[in-house]
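One structure is given here, and the rest of the page talks about it.
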Amino acid sequence: MAHVSITLRQSIAVLSISNPPVNTLNHAVRHGIVRSVREAISDARVQALVLVGAGRSFPAGADIKEFRGGQALNAPVLTEVCDVLEQSPKPIVAALHGTALGGGLELALGCHYRVALDSAHLGLPEVHLGILPGAGGTQRLPRLIGLQRALDLIVSGQHISAAAALKLGLIDQIFQAGAPAAAEGTLLDRAVEYAQGIASRPLDGRRVSELVPRDKSTFDQSDVWDKALATVKAQHRGYDAPIRIVEAVRAAAQLPFKQGMAKEYELVVNLMKGPQASALQHLFFAEREVGTVPGLNPSLAKPVRSVGVLGAGTMGAGIAMVFLNAKIPVVLLDTKQEFLDRGLAGIRAVYASDVKKGKLTEEALAKRLALLTPTLDYAAFANVDLAIEAVFENMDIKKQVFAKLDAVCKPEAILASNTSTLNIDEMAAATKRPEQFIGTHFFSPANVMRLLENVRGKKSSPSTIATVMALSKTIKKVGVLVGNCDGFVGNRMLEGYAREASFMLEEGALPAQVDKVLTSFGMAMGPFQMGDLAGNDVGWRIRQGKGMTNPATRPAKEGRYCELGDKLCELGRFGQKAGAGWYKYEQGQRKAIPDDAVAKLIEAHSSSKGIARRSISDEEIFERCMYPLINEGFKVLEEGIALRPGDIDIIWAYGYGFPRYRGGPMHVAQTIGLKKIYTALAKYSKQFPTSHHFVPSKLLQTLAETNTTLEQHLATKSKL
Ligand code: NAI
């Protein structure tokens, strides 16, 4: 039960906030703080107050469940709580440990002093939820640490250490935490001592709302705010909240506190009502849920203390780094010393750049590299807990590799494949341990991208699944459990999207037009920019492997086929790495420049197929790319390949540059309306009968025809 207790330590009242696990500021807590502060103020024995979080943290934020649905909060709201604290005639010291984030930090800003354990982290991460700090954070923080620094912190939403906060003047003193178990006691003792030290001092200059931002004069110059806004717009393309944050901080610079608070309130209320906040909050809850697999006991997870990686190419080297970064020893194998050396050189280059940027010390680098054992010998895999294969995308080679691994790895070891397209069950069948077989589909660059699709095979055991799901967290990935099918979730959904993009080229569009429509929607890149970055040859080789590039061997079930991608590759236009792809590139540059040669190629192609080119509207481009993608999402859901719509959205947000402020494709589907999407798919399906990805999913059709939302559908499903 949430509550706030008061204990008197000599003349200091200690107000301890308890709302496990992280003391979020729900209504009971807010009410309790106000009541306890008033009680302590009226107690003649009390000279000063200390506000602390019980257990492992100072309040780590507001209770975001209370915001869901956009309803008004019950009084006292946090703004009122902060005012009560600040107006106290007796000094109040906020004693921080754990994470003082969002509403938690705003609470601390309402106090007159802030002290912290050195292990504490602070921040105002509201921007990640599409809102801004709405309890004085945008008005008090600039007054305390300056406008520029406050802007940087609030716009980025980053967490900072207690040491960094001390430097900024955000806190007044740091205490050494000592052993974690004793941290809370240490903090309390030191904070009480600190409070005794300041108890008799006047409060002049300690009420943050009365301060003037120290860099106010710099920001009084006319164009500074315009520049700040332009920078934020460029860095956070499409996002509303960062823009509103600039407006709120500007109010802190230009208006008296009270009016600034009114502006902050107006801005936050508007953001909360807007579509971006609901999209980002949807993703927040989806991310919380994604690691949970219904019916799976997480305690079945086995520890992974060492890992073997096969193939030291692009993915293998990246995957090795992921484990090294998590301090897990890695054995890395390739077929030839020169391939191994190339992989190692890649790893060293990434780490060297981290050292150069100050992200890694030489000492830490040496420790990491000491955990890496390059080898040409399978015997080195005898003791690993997990072996991940990242060799060429070829079933025969993969099967041979797994047969060897099966023979040398200890019986309890798990075997995993990083394949992006091949059948997990077929590989599992090449081993005598299909229960301990699973797909771990990393994204490139593996050491950077957070997404990990964990592909369960038919026979993958609960323990194997639990192990890789737990491991995903250890290696700081967002692990999503998916089923085994061609392309799994992400790449499968990508297919119709990419194909339609090409079909529209032969009907009349050019790459830049298609890409522009999708980047305007917020995608990090359009399909043709993405092809050029990833290498157009990758897909070409896969198509060649499947016999698609040759009309004589192309499977009839493929339906409509566009040869443009093949023609491009025949010209060596593999993308950025070749200096030419769908676009041209100046040497060493990544800027995609539309190329007349490509336009001519496309026009000649249309004419060779007898297609009369026409003007294609932006709306048609959007629908024909995005709706098949969403349609496939519904198919993936109805087949049980994805567990929840939120899992699909997480995959797209973390693996494919889908704009987070749109909430992912399934959330977008709800926003657009299932009926509208279904109707359009049915229309396109008639117009383009050989484009199979337009055939509407049964689930989508049912929901559209019965006017049911995905949420309603899931609610009825979970009741069954
Ligand atoms: P790559 O060609 O860069 O690297 C493959 C490495 O495996 C090479 O160093 C090669 O020498 C080695 N190798 C080949 N046969 C081997 C064997 N029998 N034993 C040991 N090593 C062997 O390929 P890349 O891009 O790293 O792809 C590897 C796997 O990861 C493929 O299955 C691919 O589909 C998958 N994948 C690739 C992604 C990408 O963006 N490149 C993304 C996700 C998955």
Side-chain angles (χ1 to χ4, degrees), residues 308-322 330-347 350 373-381 384 387-409 415-424 426-427 430 438-455 477 479-480 482 484 486-492 494-495 498 525 530-546 574-577 651 654-657:
V309 179
L310 281 114
T314 312
M315 293 307 288
I319 294 169
M321 280 189 271
V322 170
V330 176
V331 182
L332 180 63
L333 180 145
D334 211 304
T335 47
K336 282 194 182 153
Q337 190 60 42
E338 57 182 293
F339 301 150
L340 214 44
D341 289 343
R342 191 182 52 198
L344 291 173
I347 293 176
V350 170
T373 312
T375 184
L376 297 170
D377 184 0
Y378 273 78
F381 280 62
V384 299
I388 302 178
E389 154 293 304
V391 305
F392 298 138
E393 186 76 342
N394 175 298
M395 184 56 93
D396 291 335
I397 300 181
K398 300 228 190 233
K399 280 185 181 168
Q400 285 165 22
V401 160
F402 279 118
K404 281 191 205 157
L405 279 176
D406 199 21
V408 7
C409 288
L415 307 183
S417 170
N418 183 53
T419 180
S420 36
T421 54
L422 301 175
N423 188 334
I424 292 294
E426 198 178 332
M427 282 181 247
I438 196 156
T440 48
H441 182 210
F442 288 82
F443 286 69
S444 180
N447 53 315
V448 176
M449 298 293 283
R450 300 273 321 276
L451 179 63
L452 181 56
E453 278 185 326
N454 291 323
V455 191
K477 297 287 172 201
V480 187
V482 301
N484 181 28
D486 195 0
F488 314 127
V489 172
N491 286 345
R492 175 171 159 180
L494 187 65
E495 188 164 340
M525 266 175 273
M530 197 163 81
D532 275 3
L533 177 71
N536 298 310
D537 52 321
V538 178
W540 185 42
R541 286 186 216 289
I542 294 176
R543 292 194 297 277
Q544 281 174 326
K546 290 183 177 171
F574 293 161
Q576 280 186 22
K577 60 186 170 191
I651 287 175
Y654 280 107
Y656 295 86

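Atoms within a ligand are numbered from 1 in the order they appear, just like the ligands themselves. Positions are given from 1 along the sequence.
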query: His441 heavy atoms, cut-off 4.0 Å: which ligand 1 atoms fall inside?
result: 43 (C), 44 (C)
message: Using a 4.0 Å cut-off to any heavy atom of Lys398, which atoms of ligand 1 qualify?
response: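 By the 4.0 Å cutoff, the relevant atoms are 31 (C), 32 (O).
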message: Once you restrict to heavy atoms under 4.0 Å, what part of Phe443 touches ligand 1? Side chain, backbone, both or neither.
response: neither
- prompt: Is the backbone N or O of Glu426 less than 3.5 Å from a side-chain atom of Lys399, with the two atoms forming a donor-acceptor pair by type?
  reply: no
- request: For the pair Glu389 (side chain) and Phe402 (backbone), establish whether a donor and an acceptor sit closer than 3.5 Å, ignoring hydrogens and angles.
  value: no
Candidate list Glu393, Lys398, Met315, test side chain to side chain contact (heavy atoms under 4.5 Å, CB included), partner Asn418, passing option: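 It is Met315; the other options fail the test.
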Shortest heavy-atom approach to [atom] - which of [options]:
atom: atom 12 (C) of ligand 1; options: Leu332, Asp334, Ile388, Val309; value: Asp334
atom: atom 18 (N) of ligand 1; options: Ile542, Leu405, Val401; value: Val401
atom: atom 16 (C) of ligand 1; options: Val391, Leu340, Leu422; value: Val391
atom: atom 33 (C) of ligand 1; options: Arg342, Glu393, Glu338; value: Glu393

query: Can you find a protein heavy atom under 4.0 Å from atom 23 (O) of ligand 1?
result: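 Given the 4.0 Å cut-off, atom 23 (O) of ligand 1 does not count as touching protein heavy atoms.
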- prompt: Which distance, rounded to the nearest 0.5 Å, do you find between the OG1 of Thr335 and the CG of Leu376?
  reply: 8.0 Å
task: Only counting residues at least two apart or in another chain, list the ones meeting salt bridge (charged side-chain N to carboxylate O under 4.0 Å, His left out) with Asp486.
output: Lys546
Any N or O of Glu389 closer than 3.5 Å to N or O of ligand 1: no
message: Applying side-chain contact (heavy atoms from CB on, under 4.5 Å), can you list everything that pairs with Asp334, at least two apart in sequence or on another chain?
response: Ala312, Phe339, Leu340
